[in-house]
There are 2 protein chains.
Amino acid sequence: MKRTHPGLLRSIVATNVRRYRQARGLSQQDFANEIDMDRTYYGGVERGERNVSIDNIERIAKGLEISPHQLLIARE
Amino acid sequence: MKRTHPGLLRSIVATNVRRYRQARGLSQQDFANEIDMDRTYYGGVERGERNVSIDNIERIAKGLEISPHQLLIARE
DNA sequence: ATGTGACTTCGAGTCCGTC
DNA sequence: AGACGGACTCGAAGTCACA
């Protein structure tokens with residue numbers, strides 16, 4: 001397979017997780033702790049730096065109490 | 001982070017990619033080739049064996065000509 | 001045409017810290 | 001509170017031979 005650049009979708013997910021987390025009024029550290037994920041890793045996801053896996057998408061969505069597919073929908 | 005089992009979402013994605021690919025009337029082989037992905041790797045995704053990343057979700061959705069979030073929605 | 005096991009490599013994911 | 005860095009471990013990514 002060819003080596004590719006980080007996708008667009010990554011930044012969409014980044015923006016979405018941040019918005020939903022803030023809507024819940026939680027800090028990155030508290031939220032990361034709640035879903036049992038490393039805070040520096042989770043921060044990287046919100047910055048769009050991490051190529052997060054489907055299992056982790058699910059885990060984050062669960063913590064956010066939303067349906068996973070909502071994290072992939074771009075808002076304006 | 002705690003070690004977890006493969007998530008449910010993984011199998012939802014698996015079923016979806018398979019359905020959408022078949023709807024396009026393509027073999028795994030041809031489709032994998034079209035999106036420049038190894039066919040055995042792609043096959044593993046359809047079988048829910050691979051914890052596929054967001055970048056690869058995007059790449060597959062592009063080949064399927066659908067919006068990425070559709071791959072995460074469970075059908076009955 | 002698809003599945004599977006074995007394999008290497010590089011980034012996902014963790015843990016320490018500082019600014 | 002959050003960004004970021006270094007050093008680490010382990011699994012995703014990617015490939016192949018064979019069934």
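Chain naming here is simple, since letters A, B, ... match the order of the sequence lines and numbering starts at 1 in each.
- Applying the side-chain hydrogen bond (donor to acceptor under 3.5 Å, both in side chains) test to Glu34(A) and every residue at least two apart in sequence or in another chain returns Arg24(A).
- Following rounding to the nearest Å, Phe31(B) (CZ) and dA1(C) (C1') show an atom-to-atom distance of 16 Å.
- Contact annotation: Arg21(A) reaches the phosphate of dG2(D) (side-chain N/O to OP1 or OP2, under 4.0 Å).
- With rounding to whole Å, Asp36(B) atom CG is found 13 Å from dA13(D) atom C1'.
- Residues meeting the side-chain hydrogen bond (donor to acceptor under 3.5 Å, both in side chains) test with Gln28(A), sequence neighbours left out: Glu46(A).
- With rounding to whole Å, Gln22(A) atom CD is found 11 Å from dG2(D) atom C1'.
- Regarding contacts with the backbone of dA13(D), a side-chain N or O of Tyr41(B) is found under 4.0 angstrom from either OP1 or OP2.
- The phosphate of dG13(C) has OP1 or OP2 within less than 4.0 Å of a side-chain N or O from Asn56(A).
- Closest-nucleotide positions on DNA chain C for Arg50(B) and Gln29(B) were compared, and the one nearer the 5' end corresponds to Gln29(B).
- Residues from residues 62-71 of chain B lying near DNA chain C, meaning a heavy-atom separation below 4.0 Å, are absent.
- The two residues Thr15(B) and Ser11(B) make their nearest non-hydrogen contact at OG1-O, 2.6 Å.
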Enumerate the protein-to-nucleotides 3-5 of chain D contacts in which both atoms are nitrogen or oxygen and the separation is below 3.5 Å.
unit_1: dA3(D); atom_1: OP1; unit_2: Arg18(A); atom_2: NH2; d: 2.5
unit_1: dA3(D); atom_1: OP2; unit_2: Gln28(A); atom_2: OE1; d: 3.2
unit_1: dA3(D); atom_1: OP2; unit_2: Gln28(A); atom_2: NE2; d: 2.8
unit_1: dA3(D); atom_1: O5'; unit_2: Arg47(A); atom_2: NE; d: 3.4

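- Look at OH on Tyr42(B): it is 13 Å from C1' on dA1(C), rounded to the nearest Å.
- Among residue pairs with one or both ends in residues 5-17 of chain A, those qualifying as salt bridge (Lys or Arg N to Asp or Glu O under 4.0 Å) are Arg10(A)-Asp55(B); sequence neighbours excluded.
- Among the heavy atoms of the strands lying under 4.0 Å from Asn51(A) are primed sugar atoms or P, OP1, OP2 only; no base atom is included.
- dA1(C) atom P lies 7 Å from atom CG of Asp30(B), rounded to whole Å.
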Can you give me every donor-acceptor pair (side chain of residues 61-69 of chain A, partner residue at least two apart or in another chain, under 3.5 Å) with its distance?
unit_1: Ser67(A); atom_1: OG; unit_2: His69(A); atom_2: ND1; d: 3.0

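- One atom, CG of Asp38(B), and another, C1' of dA17(D), lie 12 Å apart when rounded to the nearest Å.
- Dashed line: the shortest gap from a side-chain N or O of Ser53(A) to OP1 or OP2 of dG11(D) is not under 4.0 Å.
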